[in-house]
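Written out below as structure tokens is the structure these notes cover.
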Amino acid sequence: MDDGVAIAVIVMAVPIILLTGLVSMLVLGNVYILLGSVSLLLIVLGAVMLTGRGSGIVAGINHMSAAERTGYYLPRLSKAVGMFLLSWSVLPVAIAIGTTAVGVSLTIGIAVTAWTLWYCNTRCRIPSRT
């Protein structure tokens, strides 16, 4: 399967998974299904991004011109965003558990967010040769 087709299938499956979880939560009164589907979605997207080929769904990259894209290491950028998504996939599970894991998960998520912003803006750029 082509990378673009795989990403399109995942992007099309996302609303279906979320709506299924929302409807089942409303019908059954069980929030665990919704939290599990959000966590599963983040895990799947994170795994796709960790392959280094999902840079097309990174916000901002798909709007850049071809000349601007050459200024970034796209596989490295994709892997960094994959790590970001995987770190946040723990939060819905922590909310479902309902213990102090929520605070730990939020702390880790915020730290990984700060690292991702720094890494993508410094280490994923190709240095200019001028």
Side-chain angles (χ1 to χ4, degrees):
M1 182 182 291
D2 187 30
D3 292 336
V5 173
I7 291 172
V9 168
I10 291 171
V11 169
M12 291 302 294
V14 168
I16 295 169
I17 293 171
L18 289 178
L19 287 175
T20 303
L22 182 61
V23 168
S24 62
M25 182 189 76
L26 293 174
V27 171
L28 301 175
N30 192 348
V31 73
Y32 299 117
I33 297 171
L34 179 64
L35 292 173
S37 64
V38 169
S39 182
L40 181 65
L41 168 70
L42 291 173
I43 289 170
V44 168
L45 286 175
V48 168
M49 299 300 279
L50 280 177
T51 64
R53 299 181 179 187
S55 62
I57 59 174
V58 175
I61 296 295
N62 52 357
H63 296 291
M64 289 182 176
S65 67
E68 289 175 321
R69 281 190 197 132
T70 58
Y72 288 90
Y73 294 112
L74 294 181
R76 191 182 289 179
L77 181 72
S78 178
K79 290 176 184 178
V81 172
M83 293 291 292
F84 168 78
L85 291 172
L86 287 178
S87 69
W88 279 102
S89 69
V90 181
L91 184 62
V93 175
I95 291 172
I97 293 172
T99 61
T100 58
V102 174
V104 172
S105 179
L106 274 174
T107 304
I108 292 170
I110 290 170
V112 169
T113 300
W115 173 83
T116 303
L117 289 172
W118 170 80
Y119 187 80
C120 290
N121 284 308
T122 58
R123 302 292 184 191
C124 293
R125 288 189 182 201
I126 296 174
S128 63
R129 297 181 186 230
T130 57

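Values reported hereafter were calculated over all heavy atoms of this structure, with side chains retained and with hydrogens, waters and symmetry mates removed. Nothing fancy with the numbering, it's 1 onward along the sequence.
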Side-chain donor-acceptor pairs under 3.5 Å in residues 74-86, sequence neighbours left out?
| unit_1 | atom_1 | unit_2 | atom_2 | d |
| --- | --- | --- | --- | --- |
| Arg76 | NH1 | Arg123 | O | 2.6 |
| Ser78 | OG | Met49 | O | 2.8 |
| Ser78 | OG | Gly54 | N | 3.3 |

*Does Thr107 have any side chain to side chain contact (heavy atoms under 4.5 Å, CB included) partners at least two apart in sequence or in another chain, and if so, which?*
none
*Are Val58 and Leu41 in one and the same hydrophobic cluster, where Ile, Leu, Val, Met, Phe, Trp and Tyr link if side-chain heavy atoms are under 4.5 Å apart?*
yes
*asked:* Can you give me the closest heavy-atom contact between Arg69 and Met64, atom names plus distance?
replied: NH2-O, 3.3 Å
*Search all heavy atoms of Ser89 against all heavy atoms of Ser39 and return the closest pair with its distance.*
O-OG, 2.8 Å
_Grouping I, L, V, M, F, W and Y whenever their side-chain heavy atoms are under 4.5 Å apart, do Val38 and Leu106 come out in a common cluster?_
yes
*asked:* Using the side chain to side chain donor-acceptor pair (under 3.5 Å) criterion, which residues pair with Arg125? Sequence neighbours excluded.
replied: Tyr72
Please tabulate, for the side chains in residues 111-119, all donor-acceptor contacts under 3.5 angstrom to protein atoms that are two or more places apart in sequence or on a different chain.
| unit_1 | atom_1 | unit_2 | atom_2 | d |
| --- | --- | --- | --- | --- |
| Thr113 | OG1 | Trp88 | NE1 | 3.0 |
| Thr113 | OG1 | Gly109 | O | 2.7 |
| Thr116 | OG1 | Val112 | O | 2.7 |

